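Input: a single structure, listed below in structure tokens.
Since we're looking at a predicted model, the values are computed, not measured.
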Amino acid sequence: MENKVNEKIFKPKIVGFLCNWCSYTGADLAGTSRMKYDESIRVVRVMCSGRVDPTFVLKAFKEGADGVLICGCHPRDCHYHEGNYKCLRRYHLLKKYIIQMGIEPDRLRLEWISASEGAEFAKLVNEFTQKIAELGPSKVKQNIETFS
């Protein structure tokens, strides 16, 4: 019989880039409504999802994130009119790039969350955390340290 007392349980580290006007407010609604969602997410509030530079995502992986979640306003609801479309274009390019870098594409996700969708935000975080837990720890930071 194996002794599982000393085994370390994997808890994913997820970085969430949330737009100030919708997604961050939706996350705040989830919190103030006392909705339960996994504590593995670390939120970075940005003024607009269109402001999420691809280097932010790559740096998150480099620094040890197991997954990156980008949330913005629903299409046609962007406070800055077209920021979420700019984000969507970058997201598709980033997906292709991380695959070439050897990062599983499921480690990056983009979703639209409005200010009134606290329950949807909580559900999204739980689903994404579960998916990342199934994938296991990201090896990006470990590989960078090995080859540095």
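The environment of Glu82 atom CD is sparse: at most 12 non-hydrogen atoms of other residues, nucleotides or ligands sit within 6.0 angstrom. For Tyr80, the OH atom is densely surrounded, since the number of other residues' heavy atoms within 6.0 Å is greater than 12. Within a 6.0 Å radius of CE in Met101, other residues, nucleotides and ligands contribute 12 heavy atoms or fewer. The neighbour count for Lys86 NZ, taken as heavy atoms of other residues, nucleotides or ligands under 6.0 Å away, does not exceed 12.
Using a 4.5 Å cut-off between side-chain heavy atoms of Ile, Leu, Val, Met, Phe, Trp and Tyr, with links allowed through other members, Leu135 and Ile103 fall into different hydrophobic clusters. Criterion: ILVMFWY side-chain heavy atoms under 4.5 Å apart, direct or through other members. Under it, Val15 and Val52 are part of a common hydrophobic cluster.
Atom CD1 of Ile14 is separated from atom CZ of Arg107 by 10.0 Å, given to the nearest 0.5 angstrom. A distance of 7.5 Å separates NE2 in His74 from SG in Cys22, rounded to the nearest 0.5 Å. Distance CD1/Ile70 to CG/Leu108: 5.0 Å, rounded to 0.5 Å.
In this structure the side chain of Phe121 reaches within 4.5 angstrom of the side chain of Leu18, judged on heavy atoms. Side-chain atoms of Val57 and Tyr91, non-hydrogen and from C-beta on, never get closer than 4.5 Å to each other. Within the 4.5 Å cutoff, the side chain of Leu124 has heavy atoms near those of the Leu69 side chain.
The two residues Ile132 and Gly67 make their nearest non-hydrogen contact at CD1-CA, 4.0 Å.
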